Amino acid sequence: MNPLSLLAHLGRVVLTALAALGRLSLFAVSTLTHMLRPPFYPREFFSALLNVGWLSLPVVGLTAVFTGGALALQIYSGGARFNAEAVVPQIVAIGIVRELGPVLVGLMIAARVTSSIAAEIATMKVTEQIDALVTLSTHPMKYLVAPRVAAALITVPLLVAVGDIIGIAGGYVVATQNLGFNPAAYIKNTVDFLELKDVVSSLVKGCAFGGIAATMGCYYGMQSGRGAQGVGAATKSSVEAAAILILAANFVLTGVFFSL
C-alpha cells in the first residue's frame, strides 16, 4: 500500500468515527430534550424503573458482596508483607466506594440492561412496531428512549449506593469472621476514613454510567439492521460500546474528583 492510499484509508476511518460520534451526540441531545418536554409516559417510565432498578438488585448485590470479601482477603494478604494488615477496613472502604462499586455496577447494568434495551428496541424495529408508533402520532424517542434513560439516571446511583454498602459489608464479614478483626473497630475505621467527596463521586459516577448504559442500548436498538442478525449485532455492539464508555467515563470522573 503506497503512502497516499494509506493516508486515504486513515482519513476514511477518522471520518467514519467522527460521523458516528456526531450521530451519537445528536441522539443524546435529542433524548435529553424529549425527557424534559411533555407528553410523558409514566407507565413506560415505571416499567423501566422496575427493569433497571429492582430486577438488577440480585446481580448487583451478589457482585458487590463477593467483590468486597475478595478485596478484604487480597488487602490482608498484601498488607501482611509490610506488616500493614490493619489497613484492611480503610482500603476496602475507599476501594469499593471510589472505584469498584460504581464500575462493577455500571458494567453489570451494561451487561444486563443495555443488552435488554437494545434487543427489545431492535426487535420492535425489525417487526415494524416503531413504524406503527409513528402512524399513531407517537414519537419513538419520547415513548421508547426518554423513559428508559430517565429511569437509568435515577436508579443506577441508588444501585451504586446499595452496591457500596453490600460490598463494604462483604469485606466486614470476611475480615471479622476469617481474619480476626474486631467488629466495632472495623466499622469505626471504615466510617472515619470515608469522606463526603468519596460518596458524592460514587453517586455521580453511578448517574453517568446509568445514562451511558441506557443511551447505548436505545441508540443501537434504534440503529439496528433487519432480521435476527441485525438484532444480534445491535445487542453486541451496544454492550461493547457501553462497557468501553463506562470505563472511559470512570477515568475522566476520577481525574475530576481526585486530581487535586
Side-chain angles (χ1 to χ4, degrees), residues 8-35 39-41 43-56 59-60 105-153 155-156 208-249:
H9 177 71
L10 179 61
R12 285 193 295 270
V13 171
V14 172
L15 289 176
T16 301
L18 290 176
L21 180 61
R23 289 192 297 270
L24 179 58
S25 299
L26 291 174
F27 184 87
V29 171
S30 177
T31 299
L32 181 61
T33 58
H34 283 294
M35 284 171 53
F40 304 110
Y41 297 93
R43 182 176 179 179
E44 289 295 312
F45 173 71
F46 287 111
S47 175
L49 279 180
L50 179 66
N51 180 46
V52 177
W54 179 254
L55 296 181
S56 297
V59 67
V60 167
V105 170
L107 292 177
M108 289 300 103
I109 293 299
R112 183 187 176 278
V113 175
T114 303
S115 59
S116 173
I117 291 175
E120 181 182 4
I121 294 179
T123 302
M124 293 181 69
K125 182 177 181 181
V126 167
T127 57
E128 299 182 350
Q129 294 180 56
I130 293 180
D131 295 334
L133 287 175
V134 175
T135 63
L136 295 173
S137 301
T138 301
H139 201 297
M141 291 289 294
K142 186 169 289 295
Y143 185 80
L144 297 175
V145 177
R148 288 165 172 78
V149 175
L153 289 172
T155 56
V156 175
F209 298 166
I212 289 171
T215 301
M216 290 301 100
C218 294
Y219 174 76
Y220 281 96
M222 297 288 281
Q223 300 294 321
S224 169
R226 295 293 179 179
Q229 187 175 4
V231 174
T235 304
K236 180 186 70 175
S237 299
S238 68
V239 175
E240 292 173 347
I244 292 171
L245 288 177
I246 284 170
L247 294 175

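Note that the structure is predicted; figures quoted are calculated from it, not measured.
Once rounded to the nearest 0.5 Å, the distance linking CG of N51 with OG1 of T155 reads 9.0 Å. The CG atom of L21 sits 12.5 Å away from the OG1 atom of T16 when rounded to the nearest 0.5 Å. Atom OG1 of residue T114 and atom OH of residue Y219 lie 15.0 Å apart, to the nearest 0.5 angstrom. One finds the CZ atom of F40 at 6.0 Å from the NZ atom of K142 (value rounded to the nearest 0.5 Å).
In this structure T123 satisfies the side chain to side chain donor-acceptor pair (under 3.5 Å) test with no other residue, sequence neighbours excluded. Qualifying side chain to side chain contact (heavy atoms under 4.5 Å, CB included) partners for T31, counting only residues two or more places apart in sequence or in other chains: F27, M35, M141, V145, V149. Shown here are the side chain to side chain contact (heavy atoms under 4.5 Å, CB included) partners of E128, two or more places apart in sequence or in another chain: D131, R226.
Within 6.0 Å of OH on Y143 lie no more than 12 heavy atoms contributed by other residues, nucleotides or ligands.
Pairing each heavy atom of K125 with each of M222, the nearest pair is NZ-O, 2.8 Å. When all heavy atoms are compared, the tightest approach of A242 to A213 is CB-CA, 4.3 Å. Contact between A118 and A234 at its shortest, heavy atoms only, is CB-O, 4.1 Å. Scanning both residues, S115 and V239, for their nearest heavy atoms gives CB-CG2, 3.6 Å. The shortest non-hydrogen separation linking V126 to S224 is CG2-OG, 4.4 Å.
Between V134 and P140, the closest side-chain pair of non-hydrogen atoms falls below 4.5 Å. In this structure the side chain of M108 never reaches within 4.5 angstrom of the side chain of R112, judged on heavy atoms. Put simply, the side chain of I121 reaches to within 4.5 Å of the side chain of I130, judged on heavy atoms. Contact annotation: the side chain of F209 never approaches that of V105 to less than 4.5 Å [non-hydrogen atoms, C-beta and beyond].
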task = Please assess I109 against I246 for the test side-chain contact (heavy atoms from CB on, under 4.5 Å), listing each intermediate value before the final yes or no.
result = CA-CA 10 Å; I109 293 299; I246 284 170; over 6 Å; no

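When each of I117, L245, I244 is paired with M216, the side-chain contact (heavy atoms from CB on, under 4.5 Å) condition holds for L245 and for no other.
T215 contributes no side-chain N or O that, together with a main-chain N or O of I212, makes up a donor-acceptor pair within less than 3.5 Å. Side-chain atoms of S238 come within 3.5 Å of backbone atoms of T235 as a donor-acceptor pair (strictly under, hydrogens ignored). Looking at T135, its side chain does come within 3.5 Å of a backbone N or O of A132 through a donor-acceptor pair.
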